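Because the structure is predicted, anything quoted here is derived from the model rather than measured.
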Amino acid sequence: FCTLLSSTLNHPLAFSHTIMSATAAAAKPKNQVRIGGQKSKFIHADQVRTLLHNGEKEVTVIAFGASISDAIAVVELLKSQKLIKATKIQTSTAENGNEFIELVVEKDIDFDKIYDKQQDEREAKKATA
């Protein structure tokens, strides 16, 4: 699991595993995207993109249990578009035994240029629909 992430993200990552209290897990910072429920991976990817575009220096993508693979997929989607780079991966276990992952990402060097191009393409699609 850890080897896959490190090689997949292709970035020197800080990796750790900690035990976290349920209280600490419940507080949601503004720059955090929680993966779960029935939302599409694309919706979560848009949330990350929007936070970074609106000035957040870094965004933490977090997921519990079965949603961990979806969090990785969201980060990989944005990474494949050359929008982000992952700077930290941390797995944790809450006091109730639930495992979760936190992936911290920041803008890649060409984020603004690529983001603007994607927005222009979205607007062009809307105009022709």
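- Here Ile62 contributes atom CD1 and Arg34 contributes atom CZ; the two are 5.5 Å apart, rounded to the nearest 0.5 Å.
- Annotation: side chain of Lys41 is not in contact with side chain of Leu77 (no heavy-atom distance under 4.5 Å).
- Ile101 contributes atom CD1, which lies 12.0 Å from atom OG1 of Thr60 (distance to the nearest 0.5 angstrom).
- Atom CD1 of residue Ile68 and atom CG of residue Leu103 lie 9.5 Å apart, to the nearest 0.5 angstrom.
- The salt bridge (Lys or Arg N to Asp or Glu O under 4.0 Å) analysis of residues 51-60, with sequence neighbours excluded, yields the pairs Lys30-Glu56.
- Inter-residue side-chain proximity for Leu78 and Val105 is flagged as unmet; no heavy-atom pair is nearer than 4.5 Å.
- Within the structure, side-chain hydrogen bond (donor to acceptor under 3.5 Å, both in side chains) pairs that include any residue of residues 120-129 comprise Asp46-Arg122 (at least two apart or interchain).
- Taking the side-chain hydrogen bond (donor to acceptor under 3.5 Å, both in side chains) definition, one finds that Gln81 meets it with Arg49, Gln118, sequence neighbours left out.
- Residue Ser67 comes nearest to Ile35 through the heavy atom pair CB-O, 3.7 Å, listed as atom of the first residue, atom of the second, then distance.
- Chaining together hydrophobic side chains whose heavy atoms lie under 4.5 Å apart leaves Val104 on its own.
- Note on residues 107-119: pairs passing salt bridge (Lys or Arg N to Asp or Glu O under 4.0 Å), not counting sequence neighbours, are Lys107-Asp112.
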Fill in: Residues Asp70, His44; criterion side-chain contact (heavy atoms from CB on, under 4.5 Å); working and verdict
CA-CA 9 Å; Asp70 290 340; His44 294 300; over 6 Å; no

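- Partners of Phe111 according to the ring pair (Phe, Tyr, Trp, His ring centres under 6.0 Å) rule, which considers only residues two or more places apart in sequence or in another chain, are Tyr115.
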